[in-house]
Every structure is written in structure tokens, then in C-alpha cells.
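Here the structure comes first, spelled out in C-alpha cells, and everything after it is commentary.
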There are 2 protein chains.
Amino acid sequence: MTRRQEIMGTALGLMRNKGYLNTSMRDIASAVNMEAASLYNHIKNKEEILTNTCFGLAEALELGIKDVNDIYFNAAEKLKMAIHNHITVITQDLNASHLFIHEWRHLSEAMRNQFISRRDSYEKEFRDIVILGFEEGEFKDVDPKFATLTILASLNWVSEWYRPQGEMQPKEIAEKLTQFILSGLQKN
Amino acid sequence: MTRRQEIMGTALGLMRNKGYLNTSMRDIASAVNMEAASLYNHIKNKEEILTNTCFGLAEALELGIKDVNDIYFNAAEKLKMAIHNHITVITQDLNASHLFIHEWRHLSEAMRNQFISRRDSYEKEFRDIVILGFEEGEFKDVDPKFATLTILASLNWVSEWYRPQGEMQPKEIAEKLTQFILSGLQKN
DNA sequence: AAAACTAACTAACACTTGTTAGTTTTCCAA
DNA sequence: TTGGAAAACTAACAAGTGTTAGTTAGTTTT
């Protein structure tokens, strides 16, 4: 592991605990046993940490959803795959996910706008699956936007409670979520 | 409206946009046309804004869920009422909700612990409804903790996209969410 | 009229922030 | 063994932080 990766990783851990704004360069430095100024030999500046992380995860999610939409399945199968992909990415690095989900607001305006638009287009891909399901006659006539936001909220929230050492592993989480989203809580 | 309420309200608005840490006392002061120091004639300190808001909403939610559990209904009815209550509280003041949901981490440690324990016990009340539904034979055999977290994630997320001027009003949102949570996306 | 209270002000304190400049140490390849 | 890059250091900067002290004008109560 390079020094840069060590700094990045440590920074993400601190930022997950204390928040991005509340984590100072000096906090990061002392966590890796150096002076704040020395960090700049390895990273450009504080925002790079946030930018790198947010766009890294965005890319990973986008890659996954492209695969899903390229394969010609029915909506239920597509949704299942999309959920599986999302959970896999999100649970990979919980520290990074926290930044991605909560701290992107603190990106500089230009980066933030770029981020939002990529986020929106990811959402749209999800929404298209919901719409497809309706057109197939398989899904109920729900408001697609409403449904999509609700689904994504559930998926993202996993990063708050998932513990790698816990009993539920990403694959199982994805399956249960798919089940829950498709057919709900109630017996029929 | 008292000056104190004006300050509180303005502060919440700023904090929702920029985040709690990123909103300075000077920001708040200039938004209500006074000097930062003058704010201290009306509020104790910055943290009071956060504390007040977080515990205010906690109380509102608790009050609601007590009502639900006092009435002897079946689980489906209870869940419906609990969701309705939650959405009503959350959509009441979006600025406050944002602090409640996202910024409680920045409470001082003592307050934070208190907050977390009240949050946990609220969650437990929800979980009990899910368990009741299973015991009644009405709900599927899901992991109650998992289901509850998923449900609450969906409910809280409403505060991110709900717009008072929009076409969906709290009552309708609650109904659709209940529908979605109980019977999912798929036709049967 | 005197006293007390309210709510604003200016000025300042002590500290923290991200970052840069300039310098020294470390370490590896030739 | 030495030259040079990489990576650490110290010192400092300009700006911003929450908060306190002391003061003042205006209003309300005694």
C-alpha cells in the first residue's frame, strides 16, 4: 500500500466518524504520524479526498447499471441485478460510501453540479426499470419517481447498519431487499 | 413571532442548505440583520439550535407512536398509523427534519448518547409492530430489524424530496408508502 | 424620576482552519 | 559513495471560528 492510499484510507475513516468538515488536515496527519503540511506531498488538497471518493463510487455504480441494462431481461430480473450491484458497491468500503451518500454537498460548486447530474442519470436508469416493469404488466401502476426514490433510500441506508463482521452478508442483504421491494411485508 | 423564533427558523434554513458545521454564527446573524454577538441575547449558544431541534422532533415522533400502540388495532393498521404520523412530523418543517436526520452527529457526546437511545427506542416501537404482524400471521417471516430499518430509511428519505408546493401531499405520501411497504411493487 | 430590563452594538480573545514556502532528512539507483 | 528525487520537517499566513466583556440606547416597571 502506497503512502497516498494510506492517507486516503485513514482520512475516509476519520471523515466517516466525524464528518468531512469536522476532520482537519491536522487530524488526518496525526492519524498517519506526520505533519499536516507533509500530506501535500501525496495529495493535492483536502477536497481531492472528497472528489476522488464521490466520483469513484459514482463510476462503480454506473458501470454496474450499464451491465444490467445491456442484458435483455425482464424488469424483475433487472431490478434484482441492479439492487445486487448497488449493495455490492456500497458495502465494499463503508467509509467511502458515507462520503458518497452524505458529504457530496461539500464539493465545490462545479464538482457538485457534475456529481448531481451523474446521480440523477443513475436514478433515471433505476426508474426506467420500474417503468419497464409496468409496461410489461408485471409491476403495479405506481409513480415511478416516488418508487425509485423509496427504493434507493432503502439501498443506501444499508451503509448505515451493515457490518462486515455481522451475520448478514451483501449477497443475502441484496436478496432480502429485492424480495421486500417486489412483494412487501404482507402475506397475500 | 419572537426574535428568538426568527433566529431559530433562519438558522435552520441556513443549516439545511450549508450544513450545521458550515453555518457560522456570523452567517446566522447577518441573515437576521444583526451582529453575531447579539444572537447570544436570544439563544444560549450554537449547539442549543441543534439540541432543541433534534429533541423537539424526537418528542413529536414519540408522542405519535405512543398513540398508535395504545390503540388496539392489528399490525397492518398500526403500521399505517405509524407511517402516517412519521410522515406528518417529518414534512412539517423540512429544515428541522434535515438537522434531526443528518446533523445529530454533531451534538455533544452527552446529548448525542441521549439522542441515540431515544432514537433506538422509537425504532423498537416500529419493530414491535412488525413482530406483531408476524405473530398475527399477517406478515411474512422477515428479519424484523432489517425490515424496520428499511422502512424507516424510506420514510426519512421523504424529507429529501418532498416539496410543500409539489403535487403529492403528506397524507397521500403516507398512503402510498404504506401500500408500497405492505405489498411491494410486483403484481401477484 | 429612578431603577431595572431588553436587545442591540463594538472590540477583542484564543483558537482552528487549509495551505504555502523554504529547508532538512531519508533512501535508493548509479 | 554520491547525486538527486521523494518525503518529511518547521514556520508562518490570512482567514474564519464560537464566544465573552463591556457598553449603550430605548423601553418597561416601580
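Just so it is clear, the model here is predicted, and its values are computed rather than measured. Residue numbers start from 1 in every chain, and the chains themselves are labelled A, B, ... in the order their sequence lines are given, proteins ahead of strands.
Put simply, A:Ser24 has no side-chain N or O that comes within less than 4.0 Å of OP1 or OP2 on C:dT16. The side chain of B:Ser38 places no N or O atom within less than 4.0 Å of a non-bridging phosphate oxygen (OP1 or OP2) of C:dA7. Between B:His42 and C:dT6 there is no side-chain N or O to OP1 or OP2 distance below 4.0 Å. OP1 or OP2 of D:dA6 has not a single side-chain nitrogen or oxygen of A:Arg3 nearer than 4.0 Å.
Pair assignment for C:dA11: D:dT20, on the basis of Watson-Crick or G-U wobble contacts that are both within less than 3.5 Å. Both distances falling under 3.5 Å, in either a Watson-Crick or a G-U wobble arrangement, place D:dT28 opposite C:dA3.
What separates CD of A:Glu48 from C1' of C:dT19 is a distance of 14 Å, to the nearest Å. When rounded to the nearest whole Å, the span between CD1 of A:Ile43 and C1' of D:dA8 equals 15 Å. C:dA12 atom C1' lies 14 Å from atom OH of B:Tyr40, rounded to whole Å. A:Leu21 places its CG atom 15 Å from the P atom of D:dG16, with the value rounded to the nearest Å. Computed from coordinates, the B:Leu50 CG to D:dG18 P distance equals 13 Å when rounded to whole Å. Going from atom CE of A:Met34 over to atom C1' of D:dT10 covers 15 Å, rounded to whole Å. Whole-Å rounding puts the A:Glu6 CD to D:dA6 C1' distance at 16 Å. Separating the NZ atom of B:Lys44 from the C1' atom of D:dG18 is a distance of 13 Å, rounded to the nearest angstrom.
For the pair B:Lys46 and B:Tyr20, the cation sits on the ring face: its NZ or CZ lies under 6.0 Å from the ring centre, inside 45° of the axis.
Residue contacts shown for B:Thr23 are limited to sugar-phosphate atoms, with no base heavy atom under 4.0 Å away.
Distance from the side chain of B:Ala37 is smallest to C:dT10 among C:dT20, C:dA8, C:dT10. When each of C:dA11, C:dT19, C:dA8 is scored by its nearest atom to the side-chain atoms of A:Ala36, the top-ranked nucleotide is C:dT19.
At a cut-off of 3.5 angstrom, counting only N and O atoms as typed in the model, there is a donor on one side and an acceptor on the other between the side-chain of B:Arg26 and the base of D:dG18. No donor-acceptor contact under 3.5 Å links the side chain of A:Asn41 to the base of D:dA6.
Between the side chains of B:Thr150 and A:Lys176, not a single donor N or O lies within less than 3.5 Å of an accepting N or O.
Only one option out of A:Ile49, A:Asn45, A:Ile7 pairs with A:Leu39 in a side-chain contact (heavy atoms from CB on, under 4.5 Å); it is A:Ile7.
Nearest-nucleotide positions on DNA chain C place B:Glu35 closer to the 5' end than the other of A:Asn45 and B:Glu35.
Between A:Phe115 and A:Trp104, the ring-plane angle classifies as parallel under the 30° and 60° cut-offs.
By the rule that hydrophobic residues join a cluster once side-chain heavy atoms approach within less than 4.5 Å of another member, B:Phe134 and B:Leu149 end up as members of separate clusters.
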